[in-house]
Peer 1: 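What follows is a structure written as structure tokens; I'll ask about it next.
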Amino acid sequence: LGTVLANDEVVNGVSERGGHPVEKKKMRQWYLRITAYADRLLQGLDTVDFSDAMKEMQKNWIGKSEGCEMQFAVDSGQEAVGNGKLAVGSGQWAVSGSNIVVYTTRPDTIFGVDFLVLAPEHALVANITTEAQKQAVADYLTYVKSRSDRERQAEVKQITGCFTGAYAINPFNGKPIPVWIAEYVLAGYGTGAIMAVPCGDQRDFAFAKHFNIPITNIIGAHYNGEEANPTKDAILENSDFLNGKLMKDAIAIAINKIEELGIGKRKVNYRMRDAGFSRQRYWGEPFPIVWCDGIAVPLSENDLPLELPYAEKYSPGPNGEGPLGNMEQWLQTPEGRRETSTMPGYAGSSWYFLRYMDPNNTETFCDRKASDYWGQVDVYVGGTEHAVGHLLYSRMWTKVLYDLGYIGFEEPFKKLVNQGMIQGSSRFVYLVKYSFNQSRTKIIDTLTEYQVFISNDKYNKLVAEDSFTFTDKDESAKLVKALASLIPEFKEDDFTEDDINNSGYATYRLPVDVQLVDGFELQTEEFKKWKNGAYANAIFIREEDGRFLCDWEVEKMSKSKYNTVNPDELCDKYGADTFRMYEMFLGPVEQSKPWDTKGIEGVHRFLKKLWRLFYSTHTTPGGETKAVWNNEKPTDAQYKILHKTIKKIEQDTANFSYNTAVAAFMISVNELTDAKCHSKEILSQLLILLSPYAPHIAEELWAALGCEGSILDAAYPTLEEKYLVEASKEYPVSINGKMRSSITLATEVTEEDAKQAALSNENITKWLEGKEVKKFIFVKGRMINIVV
RNA sequence: GCCCCGGUGGUGAAAUUGGUAGACACGCAGGACUUAAAAUCCUGUUGGCAGCAAUGUCAGUAACGGUUCAACUCCGUUCCGGGGCACCA
């Protein structure tokens with residue numbers, strides 16, 4: 001493809017599009033130094049109204065840890081080491097030639113260090129590897145290069161590593177410590193090197209067991225030899241000057257000692273890395289940078305803004321550069337060559353809300369007066385998927401602008417509401433891919449032009465039965481057999497031994513456009529026309545009943561998954577009010593769920609029922625609908641319905657609990673219908689409540705009632721509690737925690753009176769069976785529980 | 001693998017945040033109106049058992065265990081689903 005790919009564009013080590021090989025390559029990039037704001041981003045969380053989960057995610061992402069860096073001298077000579085102490089520590093604190101610097105949060109475990117592990121990319125690896133281990137290390141590095149960071153961390157069960165042959169010296173007791181490299185240590189975090197303490201860290205433990213590295217126990221009985229124990233509450237043993245100390249306390253003692261000896265220093269570390277800020281793409285703000293003799297020189301302010309040049313085509317530039325790399329005319333300036341990367345999406349999304357405050361200003365992005373007036377965004381609605389991207393970037397960006405004095409607030413969003421995602425229900429088809437290397441027969445030649453798709457149930461059945469394993473060459477014969485029985489085009493006899501031995505198989509799970517699928521059944525003819533006939537020659541291995549079924553998964557809607565749905569059709573059929581209310585009725589805003597239109601009828605019926613409070617369903621002989629609303633004085637019971645609704649809607653709206661608010665509207669309309677209430681006084685108030693939920697119909701009916709102006713300008717109804725007071729309340733009564741009966745009591749009943757009433761009630765005493773009442777629990781306004 | 005969130009009827013969900021589990025809807029079943037359809041209305045709808053019935057009774061909020069007078073709600077373990085893991089934004 002000749003372009004840079006994102007992690008999510010790489011699947012199984014090849015590009016998601018086209019299945020091309022992917023190569024890892026070092027490239028010079030622009031970065032935003034978000035790490036400089038790490039601490040303030042952490043502290044700022046206390047000043048904003050975000051969910052605890054959101055704050056937790058950002059905290060973990062920033063990943064502040066306190067510990068120390070310390071150095072280990074390395075002896076990579078072949079001669080025996082470890083006799084006598086090395087005079088490290090006398091030297092100044094500096095990273096000399098082949099000292100390994102590790103970062104640790106647990107310096108108290110220094111005497112339990114049984115090996116060091118370097119990231120395979122660590123600069124020292126080449127220097128310290130011994131002659132004997134050179135080949136093994138080289139082989140291991142080749143392996144690691146083929147692995148993504150994700151794979152390296154995810155597949156921890158598969159323990160890999162390689163001994164460098166070198167030994168480091170424990171600065172406190174002179175003990176030689178073998179130095180390994182392993183993929184679970186990442187170059188980008190800390191110093192890219194760790195000290196491994198198997199008795200205290202499970203990953204280190206597994207590594208030591210796997211490679212038979214002897215384990216030193218420094219925590220006595222806290223370590224059982226079966227698994228590591230990451231406690232900080234053990235008393236240290238085998239630990240020289242730390243013996244007898246509680247681990248928690250020993251951390252500070254160890255750091256002091258390390259600093260005293262000059263072999264390390266206290267260090268706060270952040271897991272967060274600087275944010276990559278350049279993209280090898282066309283669509284993005286171009287960097288106002290010209291390279292002069294290898295130095296990046298910014299354009300003068302007069303030359304801003306630098307706009308994207310017109311592009312004839314968008315193909316990647318040379319050497320992984322973006323499309324701008326092809327535009328020689330634009331690139332060349334008298335001073336030098338322009339930067340060819342563009343900025344990422346978040347260059348704009350981090351601060352667009354400020355521009356909204358002053359959109360027509362030609363002098364500055366937003367006048368200070370405007371931002372002072374509007375201030376922070378009061379409520380920001382966004383999903384948790386932005387937790388460690390956009391929502392962190394814009395927080396940082398705001399702090400930068402604040403520091404520069406351009407705005408007067410440090411946090412962009414006062415309150416954050418995490419709406420859930422309406423997910424897509426994706427459909428997949430299984431493509432059986434096979435390749436024949438040699439001696440292709442005629443049939444095979446033909447078949448390579450086809451794509452064979454296998455229906456989901458059939459696929460699962462064959463996999464379960466182990467009829468063939470697509471990735472295993474030994475199973476090729478079985479596959480041929482299976483295919484031959486399934487596809488008329490295949491004839492088992494046409495395959496020679498040689499074909500079978502030289503063929504490889506795999507299945508690919510391809511996302512297919514949900515528009516081409518009816519339920520789970522693929523419309524195969526439509527599918528053949530999809531993507532301009534890319535699958536025009538597809539062969540389908542169907543179910544016995546002739547259907548071709550798709551696999552499915554609920555996931556985020558995305559164009560690349562072809563699982564997006566278009567609401568226009570529903571909007572046309574039911575109108576925007578129904579659509580809007582249905583989305584609200586679907587469930588809590590913060591909850592994610594797959595898009596499903598099953599219940600939309602209910603909301604539509606509700607709006608029609610609302611309409612019938614105003615208009616008769618019968619038309620006059622002249623064809624007009626007859627208004628049924630009136631100017632009658634409402635009854636107290638009708639006022640009660642209204643004010644109950646006012647209370648509920650007020651609460652629910654404030655809590656973003658839209659689904660229950662819609663339910664309350666339904667209850668209200670049902671009750672008003674039952675009460676035959678068509679009073680303008682009640683209905684007009686109800687419409688005001690409804691107007692944010694179903695604005696069109698509310699405005700329409702408002703006008704129909706003959707009310708003045710727009711409903712948007714109408715005063716919000718005020719709650720009058722007097723209509724809601726109840727004289728009595730039915731208390732549920734449970735005996736020993738089990739619901740048994742109920743009793744009606746006055747609202748202002750005292751516990752004593754309640755007890756008396758309850759214990760003299762026949763329905764209740766029959767459950768007591770004359771047993772002694774041990775405890776009488778009375779929760780006012782709630783319930784009664786009697787314990788016997 | 002790691003971090004965060006979630007799991008309640010056939011379905012979407014509700015439960016005043018520890019106090020009557022299933023509000024409100026969808027769907028389904030039966031009925032009314034209609035020549036018929038649409039629309040509308042009525043009744044039923046967590047499961048088991050008993051009963052002609054009203055009803056009674058036991059169980060039940062992913063699974064198991066714990067705390068409590070009382071657990072969908074709090075704690076622990078496990079399983080499953082979703083989001084994120086640094087170039088989708």
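Every chain is numbered from 1, with letters handed out A, B, ... down the list of sequences.
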Peer 1: Does B/C64 have a Watson-Crick or wobble partner in any strand here, with both distances under 3.5 angstrom, and which is it?
Peer 2: B/G76
Peer 1: Out of B/U16, B/A14, B/C5, which has the shortest distance to the side chain of A/Arg782?
Peer 2: B/U16
Peer 1: Please check if the side chain of A/Asn563 supplies one atom and the backbone of A/Ser558 the other of a donor-acceptor pair under 3.5 Å.
Peer 2: yes
Peer 1: Of all the choices, B/U40, B/G83, B/A23, which nucleotide is nearest to the side chain of A/Thr384 once you look at every atom?
Peer 2: B/G83
Peer 1: With sugar-phosphate meaning primed atoms plus P, OP1 and OP2, does A/Gln423 contact a base, only sugar-phosphate, or nothing at under 4.0 Å between heavy atoms?
Peer 2: sugar-phosphate
Peer 1: Please determine whether a side-chain nitrogen or oxygen atom of A/Lys593 lies at a distance below 4.0 Å from atom OP1 or OP2 of B/A13.
Peer 2: yes
Peer 1: If I pick the P atom on B/G7 and the same atom on B/A15, what distance separates them, to the nearest angstrom?
Peer 2: 12 Å
Peer 1: Please check this pair: side chain of A/Lys55 against backbone of A/Val48, looking for a donor-acceptor N/O pair closer than 3.5 Å.
Peer 2: yes
Peer 1: To the nearest Å, give me how far apart OH (A/Tyr582) and P (B/G12) are.
Peer 2: 10 Å
Peer 1: Take atom CD of A/Gln591 and atom P of B/G82, then tell me their distance rounded to the nearest Å.
Peer 2: 15 Å
Peer 1: What integer number of Å spans the P atoms of B/U43 and B/G51?
Peer 2: 28 Å
Peer 1: Whole Å only: how far is the CD atom of A/Glu772 from the C1' atom of B/C69?
Peer 2: 15 Å
Peer 1: Taking only the side-chain nitrogens and oxygens of A/Arg273, find out if one of them lies under 4.0 Å from OP1 or OP2 of B/A86.
Peer 2: no
Peer 1: Would you say B/C24 has OP1 or OP2 under 4.0 Å from some side-chain N or O of A/Asn659?
Peer 2: no
Peer 1: Taking A/Tyr346 as the fixed residue, which of A/Phe277, A/Trp397, A/Trp351, A/Tyr352 is the one that meets the ring pair (Phe, Tyr, Trp, His ring centres under 6.0 Å) rule?
Peer 2: A/Phe277
Peer 1: Where the side chain of A/Glu385 is defined as all heavy atoms beyond and including C-beta, which of B/G83, B/A25, B/C4 is the nearest nucleotide?
Peer 2: B/G83
Peer 1: Atom CD of A/Glu553 to atom C1' of B/C80: distance rounded to whole Å?
Peer 2: 14 Å
Peer 1: Give the ring-plane orientation class for A/Tyr380 versus A/His390, where under 30° counts as parallel, over 60° as perpendicular and anything between as tilted.
Peer 2: tilted
Peer 1: Syn or anti for B/G31? Use the chi torsion, O4'-C1'-N9-C4 for purines and O4'-C1'-N1-C2 for pyrimidines, with syn inside 90° of 0.
Peer 2: anti
Peer 1: Please tell me which of the listed nucleotides, B/G19, B/C3, B/G27, lies nearest to the side chain of A/Arg605?
Peer 2: B/G27
Peer 1: Once you apply a heavy-atom cut-off of 4.0 Å, does A/Gly345 come out as touching a base, just sugar-phosphate, or nothing?
Peer 2: sugar-phosphate
Peer 1: So if I take every side-chain heavy atom of A/Lys556 and compare against B/A89, B/U40, B/A13, which nucleotide ends up nearest?
Peer 2: B/A89
Peer 1: Where the side chain of A/His386 is concerned, which of B/G19, B/A89, B/G84 is the nearest nucleotide?
Peer 2: B/A89
Peer 1: Under a 3.5 Å cut-off for both contacts, is B/A29 paired Watson-Crick or G-U wobble with anything, and if yes, with which nucleotide?
Peer 2: B/U43
Peer 1: Within the modelled atom types, does a donor on one side and an acceptor on the other bring the side chain of A/Gln58 and the base of B/C4 under 3.5 Å apart?
Peer 2: no
Peer 1: Watson-Crick or G-U wobble partner for B/U55, using a 3.5 Å limit on both distances?
Peer 2: B/A50
Peer 1: So what does A/Leu5 hit on the nucleic acid, given a heavy-atom distance under 4.0 Å: a base, only sugar-phosphate, or nothing?
Peer 2: sugar-phosphate
Peer 1: Tell me what A/Ile777 touches on the nucleic acid: a base, only sugar-phosphate, or nothing, going by heavy atoms under 4.0 Å.
Peer 2: base
Peer 1: Please determine whether a side-chain nitrogen or oxygen atom of A/Lys648 lies at a distance below 4.0 Å from atom OP1 or OP2 of B/C24.
Peer 2: no
Peer 1: With distance as the sole criterion, is a donor-acceptor pair present between the side chains of A/Glu339 and A/Ser341 under 3.5 Å?
Peer 2: yes
Peer 1: Quote, to the nearest angstrom, the C1' distance that separates B/A32 from B/G18.
Peer 2: 46 Å
Peer 1: How is A/Val388 classified with respect to the nucleic acid when contacts are heavy atoms under 4.0 Å: base, sugar-phosphate, or nothing?
Peer 2: sugar-phosphate
Peer 1: Within this structure, what is the CG-to-P distance between A/Asn655 and B/A15, rounded to whole angstrom?
Peer 2: 10 Å
Peer 1: At under 4.0 Å, does any side-chain N or O of A/Asn418 touch on OP1 or OP2 of B/G83?
Peer 2: no
Peer 1: Classify A/Ser558 by what it touches in the nucleic acid, base, sugar-phosphate, or nothing, heavy-atom distance under 4.0 Å.
Peer 2: nothing
Peer 1: Checking contacts here: which listed nucleotide (B/U20, B/C87, B/A86) is nearest the side-chain heavy atoms of A/Ala6?
Peer 2: B/C87
Peer 1: According to a strict under-4.0 Å criterion, is A/Lys598 in side-chain N/O contact with OP1 or OP2 of B/C26?
Peer 2: no
Peer 1: Which whole-number value in Å describes the distance from A/Asp674 CG to B/C41 C1'?
Peer 2: 11 Å
Peer 1: Does the structure show a Watson-Crick or G-U wobble partner for B/C87, both distances under 3.5 Å? Name it, or say none.
Peer 2: none
Peer 1: So what does A/Val603 hit on the nucleic acid, given a heavy-atom distance under 4.0 Å: a base, only sugar-phosphate, or nothing?
Peer 2: nothing
Peer 1: Who does B/U34 pair with, Watson-Crick or G-U, both distances under 3.5 Å?
Peer 2: none
Peer 1: Which base, if any, makes a Watson-Crick or G-U wobble pair with B/C24, both distances under 3.5 Å?
Peer 2: B/G12
Peer 1: For A/Tyr393 and A/Ser349, which I'm curious about, is there any donor-acceptor pair between the side chains at under 3.5 Å?
Peer 2: no
Peer 1: Go through B/C24, B/G27, B/C87 for me and flag the one nearest to the A/Phe585 side chain.
Peer 2: B/C24
Peer 1: Counting only Watson-Crick or G-U wobble pairs whose two distances fall under 3.5 Å, which nucleotide matches B/G81?
Peer 2: B/C5
Peer 1: How would you label the contact of A/Ser51 with the nucleic acid (heavy atoms, under 4.0 Å): base, sugar-phosphate, or nothing?
Peer 2: nothing
Peer 1: Between A/Arg740 and B/C58, is there a contact of a side-chain N or O with OP1 or OP2 at under 4.0 Å?
Peer 2: yes
Peer 1: Report the glycosidic orientation of B/U17: syn if within 90° of 0, anti in every other case.
Peer 2: syn
Peer 1: Is it the case that the side chains of A/Tyr658 and A/Glu583 hold a donor-acceptor pair, with the cut-off being a distance below 3.5 Å and no angle test?
Peer 2: no
Peer 1: What is the separation between atom CE on A/Met739 and atom P on B/G56, rounded to the nearest whole Å?
Peer 2: 11 Å
Peer 1: Contact class for A/Met272 (heavy atom, under 4.0 Å): base, sugar-phosphate, or nothing?
Peer 2: base
Peer 1: Looking at B/C5, does its base get a donor-acceptor pair with the side chain of A/Glu590 below 3.5 Å?
Peer 2: no
Peer 1: Roughly how many Å apart are B/G47 and B/C33, using the P atom of each and rounding to a whole number?
Peer 2: 30 Å
Peer 1: Regarding A/Arg281 and A/Thr3, do their side chains bring together a donor and an acceptor under 3.5 Å, going by distance alone?
Peer 2: yes
Peer 1: Taking the C1' atom in each of B/A21 and B/C72, what is the distance between them to the nearest angstrom?
Peer 2: 8 Å
Peer 1: Over how many whole Å does the gap from A/Met783 atom CE to B/G19 atom C1' extend?
Peer 2: 5 Å
Peer 1: Any N or O donor-acceptor pair linking the side chain of A/Asn785 to the base of B/C69 at under 3.5 Å?
Peer 2: yes
Peer 1: Counting only N and O atoms by type, is there a donor-acceptor contact under 3.5 Å from the side chain of A/Tyr731 to the main-chain atoms of A/Gly781?
Peer 2: yes
Peer 1: Which nucleotide, if any, forms a Watson-Crick or G-U wobble pair with B/G18, using both distances under 3.5 Å?
Peer 2: none
Peer 1: Which value, in whole Å, describes the distance between the C1' atoms of nucleotides B/U57 and B/U35?
Peer 2: 50 Å
Peer 1: Give the nucleotide from the list B/A14, B/G83, B/C85 with an atom nearest to the side chain of A/Met57.
Peer 2: B/G83
Peer 1: Could you please name the option among B/G19, B/C4, B/C26 that lies closest to any side-chain atom of A/Glu56?
Peer 2: B/C4
Peer 1: Give me the ring orientation class for A/Phe606 and A/Phe665: parallel if the planes are under 30° apart, tilted from 30 to 60°, perpendicular past 60°.
Peer 2: tilted
